[in-house]
Q: 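Here's a structure for you.
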Amino acid sequence: MPSKELPERSDIVIIGGGIIGTTLAHELARRGEEVTVIEKRFIGSGSTFRCGTGIRQQFNDEANVRVMKRSVELWKEYSERYGFSFEQTGYLFLLYDEGEVEEFKRNIEIQNRFGVPTRLITPEEAKEIVPLLDTSEVIAASWNPTDGKADPFHATVSFAINAEKYGAKFVEYTEVKGFLREKGEIKGLKTSRGIIKTGIVVNATNAWAKLINAMAGIKTRIPIEPYKHQAVITQPIRKGAVKPMVISMRYGHAYLTQTAHGGIVGGVGYELGPTYDLNPTYEFMREVSYYFTKIIPALRELLILRTWAGYYAKTPDSNAAIGKIEELSDYYIAAGFSGHGFMMAPAVAEMVADLITKGRTDLPAEWYDPYRFERGELRGRALQMG
Ligand SMILES: Cc1cc2nc3c(=O)[nH]c(=O)nc-3n(C[C@H](O)[C@H](O)[C@H](O)COP(=O)(O)OP(=O)(O)OC[C@H]3O[C@@H](n4cnc5c(N)ncnc54)[C@H](O)[C@@H]3O)c2cc1C
């Protein structure tokens, strides 16, 4: 994908070429809109290529369950059409006490109501799905076979290439530095490579969203802070050893699965911040080793190849801010995905494209209302993890 010259003008400009900006550009271009993505480094260089691959519908509220159900439909459709890797190998939440079981029974009831076929299974059934698990302390598990995982690199680049076929432009190594405004209207953006004229801007910069809001002069309080979240990959093992994403809230909010390449990838709840620092830490190595080997003791034999860090762009209720900011026309935000933005991207793209092109959407956009923070209407905390 060649880095294009900055166009003089574009009807819509998306700031940020992560999975959110890329899927949105794809969706808008597919609908015949003229759209340009401006990315300060390269496509996927933010949190997207650092993410844990996980795609789940197991949330604890109606909006996220509905959005993720739609997202999985789109993951399936586009992975087949464009030939990138998306596998429905399921998500398995291991449960260790009655309190957890009660909580997950409630979640499963909501999920089932909206057509997500999650069910409570026994430790024996969980062990059939992942024979390497230590289930000696597990009393039940929440299992949805239609959850899955996708390769972030392959998926993002596929969406970008196909967006280009529909006419979207991607301008890499170009940083947005400021807004040209006139009486509450956007006239253009100042970038490190000159000015681009536009009337519609989408802030899809996730961990950097507050900086873009400040450049735009937005007064509405939209609290999104960058947290350092780390991940690990081990040497490859026998294919198919850990098919689903396995989650243990008890053991450090750990999530782990096997990549197509064969390594075990994942992370734990350990977070540092707010910070823009991305150096991996020794403390994370210790925590992840301890928790992963509690869940799968055989992992003790494996070598860790690499650890790295990326951002969780967090809001106070772990739900993103998605919508139109009325104080500046036409300015939209889709940011603050709090650790689960990769999975949501195809549905969020549809939602934001609906808002831009039709002014409304059938997806439950109100849940992600960017004004809820100022109004003091925080949502129930979305389940935050891979
Ligand atoms: C270790 C780890 C594991 C994760 N695991 C999962 C998981 O299993 N499942 C899941 O769904 N999510 C997971 N996530 C979260 C997921 O990575 C993010 O929610 C998602 O990638 C956000 O995508 P985005 O496009 O909003 O942001 P990003 O990918 O961060 O893209 C934003 C882009 O904006 C660009 N930008 C910023 N400022 C400017 C500017 N001024 N001008 C131009 N461009 C700019 C950046 O360079 C960046 O490329 C994980 C995250 C981490 C760190």
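Both ligands and their constituent atoms are indexed starting at 1 by order of listing. Note that the structure is predicted; figures quoted are calculated from it, not measured.
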Q: As a check for students: among Gly46, Gly17, Ala204, identify the option with a heavy atom nearest to atom 32 (C) of ligand 1.
A: Ala204
Q: Please classify the Ala207 to ligand 1 contact at 4.0 Å (heavy-atom distances, strictly less than): side chain, backbone, both or neither.
A: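 Answer for Ala207: neither.
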Q: Is a side-chain donor-acceptor pair under 3.5 Å present for Tyr96 with Ser248?
A: yes
Q: If we ignore angles and hydrogens, is there a donor and acceptor under 3.5 Å between the side chains of Thr257 and Lys149?
A: yes
Q: Would you say Ile20 has any N or O atom under 3.5 Å from an N or O of ligand 1, going by distance alone?
A: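 Right, the criterion is met.
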Q: Could you tell me which atoms of ligand 1, counted from 1 in the order shown, lie closer than 4.0 angstrom to a heavy atom of Gly16?
A: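 By the 4.0 Å cutoff, the relevant atoms are 33 (C), 34 (O), 35 (C).
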Q: Hey, is Arg50 touching ligand 1 through its side chain, its backbone, both or neither, going by heavy atoms under 4.0 Å?
A: backbone
Q: Would a distance-only check, ignoring hydrogens and angles, find a side-chain to backbone donor-acceptor pair under 3.5 Å from Arg221 to Phe373?
A: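 Between the backbone of Phe373 and the side chain of Arg221 there is a qualifying donor-acceptor contact (under 3.5 Å).
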Q: Using heavy-atom distances only, which candidate in Thr53, Thr156, Asn206, Leu278 approaches atom 22 (C) of ligand 1 most closely?
A: Asn206
Q: How about Gln58 and Ser142: does a side-chain donor come under 3.5 Å of a side-chain acceptor?
A: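 On atom types as modelled, these side chains qualify, holding a pair under 3.5 Å.
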Q: Any side-chain heavy atom of Pro244 sitting closer than 4.5 Å to one from Asp147?
A: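 Side chain of Pro244 against side chain of Asp147, heavy atoms only: no contact under 4.5 Å found.
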Q: Which of the atoms in ligand 1, numbered in the order shown and given with their element, are less than 4.0 Å from a heavy-atom of Gly18?
A: 25 (O), 29 (O), 31 (O)
Q: How does Trp308 reach ligand 1, by side chain, by backbone, by both or by neither, if only non-hydrogen atoms under 4.0 Å count?
A: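 Answer for Trp308: neither.
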Q: Could you tell me, atom by atom, which parts of ligand 1 come under 4.0 Å of a heavy atom of Ile212?
A: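 Close to Ile212: 41 (N).
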Q: Could you say whether the N/O atoms of Glu39 and ligand 1 ever approach to under 3.5 Å?
A: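 Yes: some nitrogen or oxygen of Glu39 is under 3.5 Å from one in ligand 1.
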Q: Assess whether atom NZ of Lys210 is packed by more than 12 heavy atoms of other residues, nucleotides or ligands within 6.0 Å.
A: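 It does: Lys210 NZ has more than 12 such atoms within range.
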